[in-house]
Protein chains: 2
Amino acid sequence: MQDEAIPTVRSFSRSFTQRIGVFTDRFLGRDRPLAEARLIFEVGREGCDVRELRSRLDLDSGYLSRLLRSLERQGLLEVVPQENDRRIRRACLTAAGGVELDELNRRGDEFARSLLAPLSAAEQERIVRAMRDVEQLLNAAATTIDLENPASADARWCIEQYFRELDERFEQGFDSAQSISADSQETMPPHGAFLLARLDDRAVGCGALKTLQPGIGSIKRMWVSRSARGLGLGRRILSALELQARELGLEVVRLETNRSLEEAQALYRRQGYREVSAFNDDPYADYWFEKRL
Amino acid sequence: MQDEAIPTVRSFSRSFTQRIGVFTDRFLGRDRPLAEARLIFEVGREGCDVRELRSRLDLDSGYLSRLLRSLERQGLLEVVPQENDRRIRRACLTAAGGVELDELNRRGDEFARSLLAPLSAAEQERIVRAMRDVEQLLNAAATTIDLENPASADARWCIEQYFRELDERFEQGFDSAQSISADSQETMPPHGAFLLARLDDRAVGCGALKTLQPGIGSIKRMWVSRSARGLGLGRRILSALELQARELGLEVVRLETNRSLEEAQALYRRQGYREVSAFNDDPYADYWFEKRL
DNA sequence: TGCATTACCTGACTTTAGTCAGGCAACGAT
DNA sequence: ATCGTTGCCTGACTAAAGTCAGGTAATGCA
């Protein structure tokens, strides 16, 4: 780590919370408590389940309930039971709530504009670029990679997305039944592992490991959601899978990939994988790689 | 302004306040109110006058007083009257307060470290650079430039700094008595103007305008503090002075400068000033510039 | 059918943050 | 000496934020 890295981060957060904090309090919550304003934002046009609000804003159940009642009294939103499970309730903005949301958005835009206004065009471009960088990398840093049961809803969602993308990208399309298996049993301890990447409780990537034969593992299901690409997440998932492989006592990991997935090939080469001759007959594989751990 | 500028700023502040806000509350103020933790920071090793604390943290006098009493009760600081004016009181950390400050700093560092930890070395370097950019430009944007009475304490402090720097940089040194005048009367309405740049109530630059003869003005005292250079502040002060000149009915502004002040010359040329022959006999002037407004 | 669980709500708190009016001592100028 | 000002403090508030212990209806499961 560079010497000035820590001071830079600290001085940055300090100056930023000061400058932006002032905004958040003064602009956004001018005529209502800040928590209420945030809640209106979070509910948004399409509405939002109460449980979802609770987790996203990290609020106490009782406190959130009270906030919802307050906004209801003000005629800004309605909380209605869901059709299929009447315990779960959904908050939706009323027409008046929509107007309020517009107003909040207007103030937010105005604040952003006033923040940039004193800067020249070139400076504005520079700060916007730098902000995008910081945000991206902050998101990358906030993304966690953990073991997950491959049968869980999030895991299955990721695999589904992965298959869908392969079907789009492969010239011949993709049918998972044709491909080499990597089912739940195979990708769980003690024979394998399934890793899920999450950003703020949202699944954004995955990777799986299964044992081919004693000492030799295979990496499957490497996928990163479009929204999270370019953040080095692929590299982190791959490294984490290799760590899992070592812990399972594997000495070599292999993987196969399709010619259309150029980024993936580049990643494998960068991470020390070398191309080997075909070790299976996966109909979608064009290249085979291997790495000794 | 670019199309995505506003959304980028907004999404950035959103994600940043979320990620950093969590830290500020959870890490820093874990076993005491956030306001107290901030206060300990602000008092720092060398101590700080109460009035200074009030303005820096923008706190109500009564509220601050109560916070100080609370920290005093906890044995973390002492508030003692100043020698020369016993109304003004100074807050100083006790030994225990110093220990607490160390702990706060430790937590801050730890947070910064944990924020960067998941990133690769190259990514860390990228985010640190981007943060520096954002902070610098945010500071630039937060710097205000306003008319100031040239006799005010801040104005005189800036002029003093300016003279001191000229004395350092000119080969022959600098003595303000030898130079062409620009006293308070000359740089005030209706014959002139004095502009002061402030960042968070701290004077960081200045510039003055006086009338030489009907329709012709002269720009003097252009200075930017070292801490604020490279932020385009010189350009903004110069533009603001030109605006003042137009409002005073001037059609031409002139200025002279010393050969050692290369950045200044570059700025003047960039802003449309062209070199002219000497229009005065200032002993420190090597170049003379003029701009038609 | 009964029982545990889930999802949310209510009431009764505490803590933190912030405001306002007035008060007192120290100081500066006359 | 006195009078206005400055710098800080105290008391008496209010609002916002957050916590905790139940409570209730809906649902799922044995």
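- On a pure distance criterion of 3.5 Å, no polar donor-acceptor pair joins the side chain of R86(B) and the base of dG7(D).
- The side chain of A35(B) sits closest to dA17(C) out of dC8(D), dA17(C), dC20(D).
- Atoms CG (D31(A)) and P (dA16(D)) sit 11 Å apart, rounded to a whole Å.
- Nucleotide dA17(D) holds its P atom 8 Å from the CD atom of E36(A), rounded to whole Å.
- If you measure from atom CZ of R66(A) to atom C1' of dA12(C), you get 9 Å, rounded to the nearest angstrom.
- Here dA25(C) is the nucleotide among dA17(C), dC9(C), dA25(C) with the atom lying nearest to any side-chain atom of R87(B).
- R14(B) forms a cation-pi arrangement with F41(A), by the criterion of a distance under 6.0 Å to the ring centre and an angle within 45° of the ring axis.
- Distance Q82(B) CD to dT6(D) P: 17 Å, rounded to the nearest Å.
- Counting only heavy atoms from C-beta on, D85(B) has its side chain closest to dA26(C) among dT19(C), dC20(D), dA26(C).
- The listed nucleotides are dA17(D), dC8(D), dA25(D); the one nearest the side chain of Y63(A) is dA17(D).
- Listed pair R69(A) / dT10(C) meets the phosphate criterion, a side-chain N or O lying under 4.0 Å from OP1 or OP2.
- The phosphate of dA7(C) (OP1 or OP2) has no side-chain N or O of R54(A) nearer than 4.0 angstrom.
- Heavy atoms from other residues, nucleotides or ligands lying under 6.0 Å from CZ of R86(B) number 12 at most.
- Residue R51(A) places no side-chain N or O under 4.0 Å from the OP1 or OP2 atom of dT6(C).
- Between the CZ atom of R89(B) and the P atom of dA25(C) there is a distance of 13 Å, rounded to whole Å.
- Projected onto DNA chain D by closest heavy-atom contact, N84(A) and D60(A) fall at different nucleotides, the more 5' of which corresponds to D60(A).
- Taking only side-chain atoms of P33(A), from C-beta outward, the nucleotide of dA16(D), dC8(D), dC9(C) with the closest atom is dA16(D).
- The nearest heavy atom of DNA chain D to E83(A) and to L59(A) marks one nucleotide each, and the one closer to the 5' end goes with L59(A).
- Summarising the geometry, the separation between CG on L53(B) and P on dC9(D) is reported as 11 Å, rounded to the nearest angstrom.
- Around atom CD of E110(B), more than 12 heavy atoms belonging to other residues, nucleotides or ligands sit under 6.0 Å away.
- L67(B) has its CG atom 9 Å from the P atom of dG18(C), to the nearest Å.
- Distance, I88(A) CD1 to dC9(C) P: 12 Å, rounded to whole Å.
- The environment of E42(B) atom CD is dense: over 12 non-hydrogen atoms of other residues, nucleotides or ligands sit within 6.0 angstrom.
- When the shell of 6.0 Å around CD of Q161(B) is examined, it contains more than 12 heavy atoms from other residues, nucleotides or ligands.
- The side chain of S61(B) lies closest to dC8(D) when the candidates are dT10(C), dC8(D), dA26(D).
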